[in-house]
Amino acid sequence: VTSFVKARHTCPPLFAAISHELVSTDKLALFSGEHIAAVALAYAHALPDEQPLFHAVAAQLARPDRRRSFSSEALTRTLGAFTSTERAAPALYEVLSHELAQPERL
């Protein structure tokens, strides 16, 4: 996915198929925080209206055990993906703000 974005060739049907696979099989649960951040950013640039994928990413971040697996940089990049798509996700923003404010993250 990120390779297509870097090549500036977004191929919406491919992105839609990948999103469907990631969401329907819950494969995001197997991804590292860094990988989820990369996917979220790629979709924010290529297919920003892909609601199910962004909902699945938000669900991963809602789980404290998953959120702790994200580096501060990955959390920031994921937050950037949501804000660049102008998604209203106040609960997600609140959770991420709190997580990023933790002393071990500063």
Might you point out which heavy atoms bring V95 and L61 nearest each other, and give the distance in Å?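 Reported closest heavy-atom pair: CG1-O, 4.1 Å.
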Closest non-hydrogen atom pair between A16 and L47, with its separation: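 A16 and L47 have their closest heavy atoms at N-CD2, 3.9 Å.
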What is the distance from atom [atom1] of [X] to atom [atom2] of [Y], rounded to the nearest 0.5 Å?
X    : Y    : atom1 : atom2 : answer
L79  : L75  : CG    : CG    : 8.5 Å
L53  : Q51  : CG    : CD    : 10.5 Å
I36  : L41  : CD1   : CG    : 12.5 Å
S72  : E104 : OG    : CD    : 8.5 Å
Q102 : H98  : CD    : NE2   : 4.0 Å

Donor-acceptor list for residues 24-32 side chains, cut-off 3.5 Å, not counting sequence neighbours:
| unit_1 | atom_1 | unit_2 | atom_2 | d |
| --- | --- | --- | --- | --- |
| S24 | OG | H20 | O | 2.8 |
| T25 | OG1 | E21 | O | 2.5 |
| K27 | NZ | E21 | OE2 | 3.2 |
| S32 | OG | E34 | N | 3.4 |
| S32 | OG | H35 | N | 3.1 |

If you look only at pairs with a residue in residues 89-99, which of them pass as a salt bridge (charged side-chain N to carboxylate O under 4.0 Å, His left out), with sequence neighbours excluded?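 For residues 89-99: R67-E99, E99-R105.
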Partners passing salt bridge (Lys or Arg N to Asp or Glu O under 4.0 Å) against R66 (at least two apart in sequence or in another chain):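 Result, salt bridge (Lys or Arg N to Asp or Glu O under 4.0 Å) vs R66: none returned.
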Which one of I18, D49, V57 satisfies the side-chain contact (heavy atoms from CB on, under 4.5 Å) criterion with Y43?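 Looking at I18, D49, V57, the match for Y43 under the side-chain contact (heavy atoms from CB on, under 4.5 Å) is I18.
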With sequence neighbours left out, what residues match R68 under side-chain hydrogen bond (donor to acceptor under 3.5 Å, both in side chains)?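 Here no residue qualifies.
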Do S19 side-chain atoms and F15 backbone N/O form a donor-acceptor pair below 3.5 Å?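 No.
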Short question: side chain of Q60, backbone of A56 - any donor-acceptor pair under 3.5 Å?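 No, the answer is negative, given that no donor and acceptor are paired below the 3.5 Å cut-off.
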Set of side-chain contact (heavy atoms from CB on, under 4.5 Å) partners for A44, sequence neighbours left out: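 Counting only residues at least two positions away or on another chain, A44 forms a side-chain contact (heavy atoms from CB on, under 4.5 Å) with F54, A81, S84, T85.
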